[in-house]
Amino acid sequence: CNLQPKDAAKMPESAWKLLFYTLSWSYGIYLLFFTDYPFFYDPPSVFYDWKKGMDVPTDIAIAYLLQCSFYGHSIYATAYMDTWRKDSVVMLLHHVVTLTLIAFSYAFRLCWGKLRWVSRLSRDPRGPLNPPCSLCPGRFWFRLYWFPLKVLYATCYSSLQLVPNIPFYFFFNALLLVLTLMNVYWFLYIVLFVAKVLMGQMQEVNDVREYDVEDSKKT
């Protein structure tokens with residue numbers, strides 16, 4: 001393959017993310033559509049019959065382990081291994097917030113982590129193949145429509161209706177709202193990408209999150 005040096009340097013990162021997201025999406029599809037869990041069609045169901053110290057099913061525990069391992073690694077990889085981009089600080093914060101949500105959910109046997117698989121399904125699987133592929137209408141549909149409709153509605157409203165004194169309500173919902181703001185932030189890159197294409201400012205498909213090498217040399 002006649003890859004440019006900058007593209008060759010990103011190959012290990014992209015290949016690893018492609019592998020993980022493929023496995024993660026496949027396992028998420030299995031949990032949401034091929035088991036008895038009604039999380040996707042009825043997100044508030046994660047709060048049905050909730051009680052402190054409740055057991056975590058093995059398949060859900062595997063999901064927690066898989067996600068925690070990935071985001072724990074991603075914090076290190078974003079900071080020290082991956083190509084540094086304009087949104088790397090936000091990406092690093094995203095991994096920290098997500099890992100906190102999952103780890104605390106499991107530690108306190110709360111239900112927030114189960115909804116993470118609904119939000120995982122709302123992640124566009126094409127992003128790891130090529131960064132501009134993630135800048136597509138599907139990202140808006142999944143992250144800015146499904147995520148608030150299914151996840152935030154269940155955690156902000158349904159949780160209080162079903163478990164009035166549920167612990168850490170404000171803590172977990174604040175973190176989920178932070179993730180929502182990040183989704184809006186990344187959607188702005190979609191707008192920027194489309195605007196550059198329509199105005200003829202982009203001759204080839206590039207990741208708009210990357211720094212302009214020529215401009216950086218001038219400065």
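Quick note: numbers below take in every heavy atom, side chains included, and nothing from hydrogens, waters or symmetry partners.
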[X] side, atom [atom1]; [Y] side, atom [atom2] - distance, nearest 0.5 Å:
X	Y	atom1	atom2	value
Asn183	Leu144	CG	CG	6.0 Å
Thr35	Ile60	OG1	CD1	7.0 Å
Tyr76	Met81	OH	CE	6.5 Å
Tyr21	Leu19	OH	CG	12.0 Å
Tyr71	Thr78	OH	OG1	10.5 Å
Asn173	Leu101	CG	CG	9.5 Å

Please give me the minimum heavy-atom distance between [X] and [Y], naming the atom from each residue.
X	Y	answer
Leu92	Ile75	CD1-O, 3.4 Å
Leu162	Pro44	CD1-O, 3.4 Å
Val163	Trp50	CG1-CE3, 3.8 Å
Met54	Asp49	CE-O, 4.4 Å
Leu99	Cys68	CD1-O, 3.6 Å
Ala61	Val56	N-CG1, 3.8 Å

So, do Tyr30 and Trp25 have ring centers that fall under 6.0 Å from each other? no

Determine, using the 4.5 Å side-chain heavy-atom cutoff (strictly less than), whether [X] and [Y] are members of one ILVMFWY cluster.
X	Y	result
Phe170	Leu181	no
Tyr157	Phe147	no
Leu188	Leu198	no

Quick one: does Arg143's side chain get under 4.5 Å of Phe187's, heavy atoms only? no

Would you call Phe40 and Trp146 a side-chain contact if the rule is heavy atoms closer than 4.5 Å? yes

Short side-chain donor-acceptor distance under 3.5 Å, Asp42 and Tyr48: yes

Distance-only polar pair, side chains of Tyr37 and Ser45, donor-acceptor under 3.5 Å: no

Please check: side-chain N/O of [X] versus main-chain N/O of [Y], any donor-acceptor pairing under 3.5 Å?
X	Y	result
Thr98	His95	no
Ser88	Trp84	no
Tyr153	Pro43	no
Tyr169	Cys156	yes

List the steps and the verdict of side chain to side chain contact (heavy atoms under 4.5 Å, CB included) for Phe20 and Leu66. CA-CA 9 Å; Phe20 173 79; Leu66 181 66; 4.0 Å; yes

Counterpart residues, side-chain hydrogen bond (donor to acceptor under 3.5 Å, both in side chains), relative to Tyr185 (two or more places apart): Tyr189

Under the side chain to side chain contact (heavy atoms under 4.5 Å, CB included) rule, what do Ile62 and Leu65 come out as? Steps first, then yes or no, please. CA-CA 5 Å; Ile62 292 174; Leu65 178 62; 5.6 Å; no

Parallel, tilted or perpendicular, judged at 30° and 60°: which one describes the rings of Phe168 and Phe171? perpendicular

Is the Trp16 ring parallel, tilted or perpendicular to the Phe70 ring (thresholds 30°, 60°)? tilted

Intermediate values then yes/no, side chain to side chain contact (heavy atoms under 4.5 Å, CB included), Tyr27 and Gln67: CA-CA 11 Å; Tyr27 194 60; Gln67 291 285 293; over 6 Å; no

Apply the test side chain to side chain contact (heavy atoms under 4.5 Å, CB included) to residues Met91 and Ser74: give CA-CA distance (whole Å), side-chain angles for both, the deciding distance (0.1 Å), then the verdict. CA-CA 9 Å; Met91 184 68 72; Ser74 294; over 6 Å; no

